[in-house]
Amino acid sequence: KGSRMSNLTNRPIYQKGSKPSVSKPIRNAARDATCTLNLPFVCDNMTETVVFCHLRLFNLAGIGQKPDDLFGIDACAKCHQILDNRSLWEEAGLKHEHILWALIQSQKRRREAGLITLKGADDE
């Protein structure tokens, strides 16, 4: 897959120009869903504004880059705005635990919809 180099954690960093894996069904599954980030006093609680939001954390991607579609959450417009602007995290009370929770909930939805499968799982 694209050119890679290591950082201090010895994990690969995908360089600008490498192509992430894209899945339209994964992205489209956010339509009419509830916001999994659901930040108190921020979330608009409107399913009409929920979109698939890529996580640009932990060297998954950088500015102007998106990670594979496995690494995203369902978030409303207002929560998405906070997620994408780290200078707003503290004021909004956003922590990594909230993002992890949202990722887990979003991936559970995709698995229940048959969009993510676990090879060799008992329920296959």
Side-chain angles (χ1 to χ4, degrees):
K1 243 185 164 166
S3 126
R4 300 191 303 173
M5 58 188 280
S6 293
N7 59 17
L8 293 174
T9 64
N10 289 319
R11 287 186 259 168
I13 301 172
Y14 291 90
Q15 297 300 304
K16 192 170 187 167
S18 66
K19 300 285 185 202
S21 296
V22 173
S23 169
K24 286 188 180 189
I26 293 279
R27 291 180 179 194
N28 291 341
R31 284 191 190 140
D32 299 319
T34 56
C35 179
T36 56
L37 197 52
N38 198 22
L39 293 170
F41 309 109
V42 172
C43 188
D44 67 21
N45 293 305
M46 295 174 45
T47 58
E48 304 85 37
T49 70
V50 173
V51 295
F52 183 76
C53 307
H54 289 92
L55 301 178
R56 294 178 173 94
L57 305 168
F58 312 117
N59 294 320
L60 289 173
I63 297 170
Q65 296 174 285
K66 291 183 179 178
D68 291 341
D69 284 352
L70 184 60
F71 307 110
I73 64 172
D74 301 336
C76 71
K78 290 182 178 182
C79 288
H80 190 182
Q81 181 180 15
I82 300 295
L83 179 67
D84 280 352
N85 187 343
R86 291 189 195 181
S87 67
L88 301 175
W89 284 24
E90 187 174 346
E91 182 181 340
L94 178 58
K95 298 188 179 335
H96 287 100
E97 294 83 23
H98 299 118
I99 298 167
L100 179 58
W101 174 257
L103 177 64
I104 291 167
Q105 296 308 308
S106 297
Q107 287 187 344
K108 280 175 61 178
R109 289 178 179 174
R110 302 308 185 275
R111 185 159 185 237
E112 289 167 1
L115 298 172
I116 296 174
T117 59
L118 299 177
K119 199 174 235 182
D122 291 341
D123 59 353
E124 277 192 329

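- Aromatic ring centres of His98 and Trp89 lie farther apart than the 6.0 Å criterion allows.
- Once rounded to the nearest 0.5 Å, the distance linking OG of Ser23 with CZ of Arg110 reads 9.0 Å.
- Its side chain within the 4.5 Å cluster rule, Leu100 clusters with Ile104 among the Ile, Leu, Val, Met, Phe, Trp and Tyr residues.
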Report the C-alpha separation of Cys53 and Val51 in whole Å, then their side-chain angles, then the decisive distance to 0.1 Å, and conclude whether the side chain to side chain contact (heavy atoms under 4.5 Å, CB included) test is met. CA-CA 6 Å; Cys53 307; Val51 295; 4.0 Å; yes
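- In this structure, the side chains of Arg31 and Val50 stay at 4.5 Å or more apart for every pair of heavy atoms.
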Walk me through whether Leu55 and Leu83 qualify under side chain to side chain contact (heavy atoms under 4.5 Å, CB included). CA-CA 8 Å; Leu55 301 178; Leu83 179 67; 3.9 Å; yes
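- Evaluation of the side-chain hydrogen bond (donor to acceptor under 3.5 Å, both in side chains) test over residues 39-52, restricted to residues two or more places apart or in two chains, returns Asp44-Thr49.
- Note that CD1 of Ile116 and CD of Gln107 are 4.5 Å apart. Values are rounded to the nearest 0.5 Å.
- A donor and an acceptor atom, one from each side chain of Thr34 and Arg109, are located under 3.5 Å apart.
- Taking 4.5 Å as the limit, every side-chain heavy atom of Ile73 sits out of range of all side-chain heavy atoms of Gln105.
- With sequence neighbours left out, Trp101 forms a ring-ring contact (aromatic ring centres under 6.0 Å, His included) with no residue at all.
- In terms of heavy atoms, Thr36 sits closest to Ser106 at OG1-OG, 3.0 Å.
- The shortest non-hydrogen separation linking Asn38 to Cys79 is N-SG, 3.9 Å.
- Residues Phe71 and Phe52 come closest through the heavy atom pair C-CZ, 4.4 Å.
- Annotation: the span from Gln81 atom CD to Cys76 atom SG amounts to 9.5 Å, rounded to 0.5 Å.
- Of all heavy-atom pairs between Pro25 and Leu115, the closest is O-CD1, 3.6 Å.
- Distance check, rounded to the nearest 0.5 Å: CD1 of Ile82 to CG of Leu94 gives 8.0 Å.
- Residue Met46 holds its CE atom at 12.0 Å from SG of Cys35, rounded to the nearest 0.5 Å.
- A salt bridge is absent between Arg27 and Asp74; no separation between the charged side-chain nitrogens and carboxylate oxygens falls under 4.0 Å.
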